[in-house]
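Here's the structure, in C-alpha cells; my notes come after.
Remember, it's 1-based here, ligands and their atoms both numbered in the order they're listed. Note that the structure is predicted; figures quoted are calculated from it, not measured.
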Amino acid sequence: MNTNFTLSNGNKMPAVGLGTWRSEPGVVGKAVLDALNNGYKHIDCAYVYLNEKEVGEAFHEAFTTGGIKREDIFITSKLWNTRHTPKDVLPAFEKTLADLQLDYLDLYLIHWPVSVDPNGEDFNTVENPVPIIDTWREMEKIYESGKVKAIGVCNFSIKLLEELNKEAKIKPLVHQFELNPYLPQPKLVEYCQKNNIHVTAYSPLGSGGVPSVLKEPILEEIGKKYNKTAAQVALSWNVQRGITVIPKSVHTQRIIENSQIFKLDQADMDKIATIKTRLRTCDPALFFKKDIFEGSYYD
Ligand code: NAP
C-alpha cells in the first residue's frame with residue numbers, strides 16, 4: 001500500500017497518523033512515543049486538545065535521545081476558533097510551536113470555519129465575525145515565512161472551500177474532515193480530489209460513536225476474509241480512496257494494529273460503499289451555527 005501521499009506543493013504526507021484528541025494528560029505522551037517507536041511518521045495535534053505540552057515533551061524525548069529524526073516525522077496542529085482575529089493567528093501558531101517544542105510544523109489547519117469570542121472560554125459560542133479570508137491571509141504569511149510546510153482547513157463545506165479558493169493566494173493543501181464507512185462523504189471527497197486538496201479522514205474509526213463502526217457486520221465479515229480487524233478494514237478502505245487516516249488510540253496494541261494498512265479487492269470496496277450512512281459524531285450543529293455547514297454533509 002501507498003504509505004505516503006503527495007501534496008500539491010510536492011511535500012509528502014504519510015497515509016497513517018496518530019490522532020491525539022481525547023488522549024488524556026498522563027497518557028498522551030506515552031501514546032505518541034509508542035506510535036513513533038512503532039513506525040508512525042505522522043502525529044495529528046491541536047491546541048484545543050489541551051495536551052500539546054505533553055505531546056511536546058514526547059517529541060523532545062524522541063528527537064533528542066529516542067533515535068527518531070524530526071525531519072522524518074509529519075506533525076500537524078490546528079488554529080482554534082478563539083484565535084481567528086488576524087492579530088491572534090501568529091501568536092497562536094507560536095504558542096503551539098513552543099508547546100510542541102518544535103521550530104516548524106509540517107501542516108497547520110484552521111480547525112473550524114467558525115470564529116468565536118477571543119476573550120471567551122475556548123468552547124464559547126459567542127460569534128466574532130472575522131471573515132475567513134482575513135484569518136487565511138495570516139495562515140498564508142506563516143506558510144511564506146517557512147515555519148509551516150503546508151496549510152489547510154478542517155470541516156469546510158464545498159461552498160466554503162469554493163469561496164476561500166476564489167480569494168486565496170495559496171490554496172488550502174489539505175482538508176481534514178470526518179470520514180469513515182458510516183460517513184463516506186463522496187461529494188466532498190470528489191471535490192477536494194479534483195481540486196488538488198489532499199483529504200485527511202478524522203474519526204476514521206467512528207470516534208467511539210454508537211452504532212459502532214467497529215462492530216459493523218460488513219466490515220467484520222470482510223475482515224475475516226483477510227484475517228484483519230474491522231478497524232484495519234475501515235482504515236485501509238479510506239487509504240485506498242487516496243485519503244490519509246489519523247486514528248486515535250492510547251493502547252500500544254491498537255496503535256500497532258491501526259498502522260497495518262492492506263489492499264482490499266474492488267468487490268470489497270464496493271461492498272463497503274453499500275453501508276448505510278449514519279449521523280456525524282462531530283456534528284457541528286451541536287456546537288455551532290448550523291447554516292455554516294449547509295450543503296456539506298450527508299451527501
Ligand atoms: P477515532 O480515531 O475514529 O476513534 C478513536 C476511538 O476508537 C477511541 O475510543 C479509541 O480508544 C478507539 N480505538 C482506536 N483504535 C481501536 C482499535 N483498533 N480497536 C478498537 N477500538 C479502537 O476517533 P477520533 O479521535 O475522533 O479521530 C481521530 C483523530 O482525528 C483525533 O484524535 C484528532 O486527532 C482528529 N480529529 C480532528 C477533528 C477536527 O475537527 N479536525 C475532529 C475530530 C478528530 P482507545 O484510545 O482506548 O484505544
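Contacts between K248 and ligand 1 below 4.0 angstrom, taking non-hydrogen atoms only, involve backbone and side chain alike. In L109, neither the side chain nor the backbone holds a heavy atom less than 4.0 Å from any atom of ligand 1. At a 4.0 Å heavy-atom cut-off, ligand 1 does not touch N180 at all. Contacts of N155 with ligand 1, taken as heavy-atom pairs under 4.0 Å, involve the side chain alone.
Taking CG of N11 as the reference point, atom NE2 of H198 lies at 12.0 Å (rounded to 0.5 Å).
Checking only distances, Q176 does come within under 3.5 Å of ligand 1, N or O to N or O. When only interatomic distances are considered, the shortest N/O to N/O separation between V250 and ligand 1 falls below 3.5 Å. The shortest N or O to N or O distance between P204 and ligand 1 is under 3.5 Å. Below 3.5 Å of separation, one finds no N or O of K78 facing any N or O of ligand 1.
K224 has no carboxylate O lying under 4.0 Å from a charged side-chain N of E221, or vice versa, which leaves the two without a salt bridge. Salt-bridge check for R70 with D106: passed, with a basic side-chain N closer than 4.0 Å to an acidic carboxylate O. Residues K78 and D44 are paired through a salt bridge, judged by an N-O separation under 4.0 Å between the basic side chain and the carboxylate. A salt bridge between E163 and K166 is absent, with no side-chain N of the basic residue lying under 4.0 Å from a carboxylate O of the acidic one.
In the candidate list Y49, W112, F177, Y49 is nearest to atom 33 (C) of ligand 1, counting heavy atoms. The heavy atom nearest to atom 48 (O) of ligand 1, considering only G209, S249, S77, is found in S249.
The distance from ligand 1 to the heavy atoms of C154 drops below 4.0 Å at these ligand atoms: 41 (N). For ligand 1, the atoms sitting less than 4.0 Å from at least one non-hydrogen atom of P247 are 2 (O), numbered in the order shown with element in parentheses.
Looking at Y47 and D99, their side chains never bring a donor and an acceptor atom within 3.5 Å of each other.
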Exercise for the section: Check step by step if side-chain hydrogen bond (donor to acceptor under 3.5 Å, both in side chains) holds for E178 and S203. Expected result: CA-CA 6 Å; E178 185 175 344; S203 306; 4.9 Å; no

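When all heavy atoms are compared, the tightest approach of A234 to L219 is CB-CD1, 4.1 Å.
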